[in-house]
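In what follows, a structure is listed as structure tokens, so that the remarks can point back to it.
Fair warning: this is a prediction, and the values are worked out from it, not measured in the lab.
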Amino acid sequence: MPRYNFKETEARWRAVWDRQASFAASEDSSRPKYYVLEMFPYPSGRIHMGHVRNYTLGDLVARYKRARGFNVLHPMGWDAFGLPAENAAKERGVHPAEWTRENISAMRGQLKSMGLSYDWSREIATCEPQYYRFEQKMFLDFLEAGLAYRKESWVNWDPVENTVLANEQVIDGRGWRSGAEVEKRQLSQWFLKITAYAEDLLKSLEGLERWPSRVRLMQENWIGRSTGAQIFFNLEGRDDRLEVYTTRHDTIFGATFCAIAANHPLAQEVAKNNPEITEFIASCNRLGTSEAAIETAEKKGVDTGLRAMHPFIADCPLPVYVTNFVLMEYGTGAIFGCPGHDQRDLDFSLKYGLPVIPVVAPADAAEGFTIGEEAYLGDGVMINSRFLDGMTIAQAKEDIAGRLEKMGAGKKTVNYRLRDWGVSRQRYWGCPIPVVHCQDCGLVPVPEKDLPVVLPEDVDLDLPGNPLDNHPTWKDVDCPACGKPARRETDTFDTFFESSWYFARFASVSDSQAFGREAVDYWLPVDQYIGGIEHAVLHLLYSRFFTRALKQCGYLGIGEPFDGLMTQGMVCHQTYSDEDGNWLYPSEITHDGKGDLVTASGGKPVTAGRSEKMSKSKKNVVDPEAIIDAYGADTARLFMLSDSPPDRDLDWTDAGIDGAWRYINRLWRLFTEPAVNPAPGGAPRPDVLSPQVEKTHRAIHKTIAAVGNDLDRFHFNKAVARIRELTNLLEDLKEGMDGAAWVMGEGLDTVARLIGPMMPHLAEEVWRHLGRDTLLVDAAWPQADAALLVEDRITVAVQVNGKLRGTVELPKSADKETAETAALALPGVVKVIGESTIRKVIVVPDRIINVVI
RNA sequence: GCCCGCUUGGCGGAACAGGUAGACGCAACGGACUUAAAAUCCGUUGACCGAAAGGUCGUCCCGGUUCGAGUCCGGGAGCGGGCACCA
């Protein structure tokens, strides 16, 4: 049986597309534009299955939209700054720039072997000065617009390596390499004022109708708008006051203590003469900066000795605790504790023996309501609250806010959880921040004519600390303002900076500007953005903010960068381990004769674990290059699209890739050795079609309609299933059936077009086999004949009391009586009804008949 | 800890707006072809009872709404993503 020669075929068609520049995009007002973008990869060195999945999905959309007549932009580039390059430099002594450029070159080759319809002429790498020079300019514009500023903020500090650690480099409170206990340290850093757009970023989520609702919800919660009140507590024996933020001012009479963050100014002050508090603050600082670490730690606190005076109860001093669970970054860094109605406050109170006063009771249990180990968070009526008693929570909030404002003891406020974006990194492999520190002039922006500030190549990454700061000469510069010796900023940008505007750069890559205004006006926003759900908040929110900031600075005119968003699931694979519990690569496993898994080398027993996200650490990875080499790109692509819907996790299995490979060959045989020779394209419809041929003819058009519908809604696995069904029918056509040749011709033409976006190389090959002298990549999507989509008779299910008892075939839109009569005549129905009285018959036309007895 | 998801046969999944649960595929089993194997083709396949006709049960668990629930509502379990310096 001849096999499809994918190696020769795939390479040949890629060369043809290349030669014809099939995927080069240019502005064209005669066709609607469509910008498809997949999240660009970090150039780690080799593509992984997650990339294969992401880029297969994007390519399907791009090729499909092209066939539908859109002017498609589909670019690719490299998110090339980042920590791994520095780690590689430290571990293997290779320069980050060299390592990155080699990785890009290797990965570009791998991506090209997948047959992706990219316009490679627009390729960008963010680590090159011709890219990052423009973001230096953007930063200067942001600075001028008041969107960038400097403030102190906390970082994880490794005292042994003298370096700032990323959260992922802090493991159980210790530095990943040194093992030293991490300290929180305060550094002066650059921030972008994302909070200036908090309200707009929140409100505009509503308009992002083609985003998954869960992503919008996650962003909504991340921005975290709350309406509450600031309350000012006078401090006993002092002139200053404690300002707290709360969303539960209704529970003010349940307040039994106040709590402040460990880095609250008052805590710092009290610590000066209190060794216990000093030690407690130090222990809080050892927790690092990650919110997860802080929130999961046991709730602890120390009494400061300060007493906050209750604003509504005379002579009611509340103890003020320094705690590890109040965050300085949120609200005012201080709260009042109401243990009755907040679980954290209750846990804390039970631990430190503070009183618990319930002030809200469920409406039906107001008498004698008490709190045990669970705070009451529900709705109810106010109790134990003097003038508030009997009110609802909402009424109490209004009342209290009004009184606070009258007394000058507080005010209603809106608060956001969202914090400004800290963009300073004490790292080498990033974009230099274009600022000079001058003793006399302060912070001086680098003049535009001196951009780009280029990263020096000659750095020593083995020294502890910030490599740019360690460089012997780079930071020495004359102040652009006064000309005296000054010092360059040695921090670089967060790498989210580069990925916040790359989609605009793709619209027009030029040496003179970040992007052309006409080009972005034409191409943006991105019509379909595709990437991992792990970027649901940070990258996508930063890009939305950046778009607003760029608009404010006159760069572009759009409101949102990504009109449609698709989030893909992870690629998973079964894990394997040997007797000693060491992970094994799938390639190290084989079957013994008895059906057990053993190691390929020594025949030792292997334990198969559950399927998890492919990761190098668990070795459950399959190398895309090996798969493409063994089965071809189309097989790999088909497997990525079959079975699992894009937003769910996908399990990589050998059986699955074999199944895809078999289907590729089956398609190949259907075209090259069809049971019925297809009539040539454009042949007239024969007068007579045999029943099976007629059914197949209808199926062709139903498939066209269904596949289009599925692709529009990203149900790619269903589209594959529909196409398989159609090919099953075409395989059943036999020589001698009336009209078989004509329908086979129509069927093969249709299948070739439908598989084009999924298996582009095979599709192009069979297209040529059909005798077409054009390229399939330039062919239009097929059109379904609407007349063939409707059936005149429909099978309707018949239930008795909701249980299926049979089916009846009825004319389409049959009236109620006809349906009812037919249903009640069914033997199965008659038997079940027996002597019972029919109480009701529900008829939903063309769907169901339910007899209620 | 907080926020957001997911859970359907042996497996991946399908079921559009609450209306025939299991499309399509994988695996398994039986058969054809073959000296044999591979490849390919045909058939069976949710569980249980039954010779069959047919029946009962069944979409993570518990409860509710409805003529009717995989789908809607309340509660719970398990698994996963994010938590601001991984990208």
Touch class at under 4.0 angstrom, heavy-atom based, for A:Ser642 against every strand present: nothing
A:Val155 side-chain proximity, nearest of B:G1, B:G5, B:C85: B:C85
Donor on one side chain, acceptor on other, A:Tyr663 and A:Thr727, under 3.5 Å: yes
From B:A21, B:A15, B:A23, nucleotide with atom closest to A:Glu725 side chain: B:A23
B:A17: syn or anti, per glycosidic angle within 90° of 0: syn
Of A:Ile849 and A:Arg666, the one whose closest RNA chain B nucleotide lies more 5': A:Ile849
Output field: ring centroids A:Phe639/A:Trp661 closer than 6.0 Å: no
Distance in angstrom units between A:Met640 CE and B:C26 C1', rounded: 16 Å
Audit row: A:Phe6, A:Trp668, ring-ring contact (aromatic ring centres under 6.0 Å, His included) steps and yes/no: CA-CA 10 Å; A:Phe6 66 84; A:Trp668 172 245; over 10 Å; no
Separation of the P atoms in B:G50 and B:U56, to the nearest angstrom: 16 Å
All salt bridge (Lys or Arg N to Asp or Glu O under 4.0 Å) counterparts of A:Arg177, not counting sequence neighbours: A:Glu91
Touch class at under 4.0 angstrom, heavy-atom based, for A:Lys803 against every strand present: sugar-phosphate
Geometric class of the A:Phe81/A:Tyr132 ring pair [parallel <30°, tilted 30-60°, perpendicular >60°]: tilted
Lys/Arg cation over aromatic A:Phe191: A:Lys151, 6.0 Å, 45° cone: yes
Span that lies between the C1' atom of B:C86 and that of B:G13, in whole angstrom: 32 Å
Sugar-phosphate only, base, or nothing, as touched by A:Val170 at under 4.0 Å among non-hydrogen atoms: nothing
Whether A:Phe497 and A:Trp421 hold their rings parallel, tilted or perpendicular, with breakpoints at 30° and 60°: tilted
A:Arg722 (side chain) and B:C24 (base): donor-acceptor pair under 3.5 Å: no
Proximal nucleotide (of B:A14, B:C85, B:A27) relative to the A:Arg662 side chain: B:A27
Among A:Gln343, A:Arg344, A:Lys351, side chain to side chain donor-acceptor pair (under 3.5 Å) partner for A:Asp347: A:Gln343
Sugar-phosphate only, base, or nothing, as touched by A:Glu731 at under 4.0 Å among non-hydrogen atoms: nothing
Length of the line joining A:Asp651:CG and B:G10:C1', which is rounded to integer Å: 14 Å
Between B:G81 (C1') and A:Asp649 (CG): distance, integer Å: 9 Å
A:Asn87 CG to B:A87 C1', straight-line distance once rounded to whole Å: 13 Å
Mutual orientation of the aromatic rings belonging to A:Trp99 and A:Tyr42 [parallel < 30°, tilted 30-60°, perpendicular > 60°]: tilted
Minimum-distance nucleotide to A:Glu295 side chain [options: B:G12, B:G5, B:G1]: B:G1
Nearest-nucleotide 5' precedence on RNA chain B, A:Gly656 against A:Asp643: A:Asp643
N/O contacts under 3.5 Å, protein versus nucleotides 82-84 of chain B?
residue	atom	partner	partner atom	Å
B:C83	O2'	A:Glu291	OE1	3.2
B:A84	OP2	A:Glu291	N	2.9
B:A84	O5'	A:Asn167	ND2	3.3
B:A84	N6	A:Arg417	O	2.9
B:A84	N1	A:Arg419	N	2.9

Aromatic plane relationship, A:His51 with A:Tyr55 - under 30° parallel, 30 to 60° tilted, over 60° perpendicular: parallel
Touch class at under 4.0 angstrom, heavy-atom based, for A:Asn709 against every strand present: nothing
Any A:Asn717 side-chain N or O less than 4.0 Å from OP1/OP2 of B:G25: no
Touch class at under 4.0 angstrom, heavy-atom based, for A:Phe496 against every strand present: base
Pairing annotation in dot-bracket form, given for RNA chain B with Watson-Crick or G-U pairs under 3.5 Å and | for cross-strand partners: (((((((..(((......[....))).(((((.......))))).((((....))))..(((((..]....))))))))))))....
P atoms of B:A28 and B:G81, separation to the nearest Å: 31 Å
Sugar-phosphate, base or nothing in reach of A:Ser44, heavy atoms under 4.0 Å: nothing
N/O (side chain, A:Arg648) to phosphate O (OP1/OP2, B:A14) under 4.0 Å: yes
Shortest side-chain distance from A:Ala721, nucleotide among B:G80, B:C85, B:C24: B:C24
P gap between B:C62 and B:A23, integer Å: 26 Å
Residue pair A:Glu498 / A:Thr495, side-chain heavy-atom distance below 4.5 Å: yes
Heavy-atom side-chain proximity of A:Phe503 to A:Tyr529 below 4.5 angstrom: no
Inter-nucleotide P distance (B:G5, B:A52), Å rounded: 48 Å
Syn/anti state for B:G74 [syn: chi within 90° of 0]: anti
Sugar-phosphate only, base, or nothing, as touched by A:Gln169 at under 4.0 Å among non-hydrogen atoms: nothing
Inter-nucleotide C1' distance (B:C11, B:C57), Å rounded: 22 Å
Sugar-phosphate only, base, or nothing, as touched by A:Pro41 at under 4.0 Å among non-hydrogen atoms: nothing
Interatomic distance, A:Asp654 CG vs B:C26 P [rounded to whole Å]: 15 Å
Proximal nucleotide (of B:G81, B:C86, B:C85) relative to the A:Met570 side chain: B:G81
Residues forming a side-chain hydrogen bond (donor to acceptor under 3.5 Å, both in side chains) with A:Asn221, sequence neighbours excluded: none
Partner set under side-chain hydrogen bond (donor to acceptor under 3.5 Å, both in side chains) for A:Glu373, not counting sequence neighbours: none
Plane angle bin for A:Tyr502 and A:His539 - parallel if under 30°, tilted between 30 and 60°, otherwise perpendicular: tilted
Interatomic distance at C1', B:U45 relative to B:G31, whole Å: 15 Å
Could you list, one pair per line, each protein nitrogen or oxygen that sits under 3.5 Å from a nitrogen or oxygen of nucleotides 63-70 of chain B, together with the distance?
residue	atom	partner	partner atom	Å
B:C67	O2'	A:Asn850	ND2	3.3
B:C67	O2	A:Asn850	ND2	2.5

Sugar-phosphate, base or nothing in reach of A:Met39, heavy atoms under 4.0 Å: nothing
Sugar-phosphate only, base, or nothing, as touched by A:Asn728 at under 4.0 Å among non-hydrogen atoms: sugar-phosphate
Rounded distance in Å - CG (A:Asp494) to C1' (B:A87): 10 Å
Gap in Å between the two C1' atoms, one belonging to B:C29 and one to B:G68, rounded: 37 Å
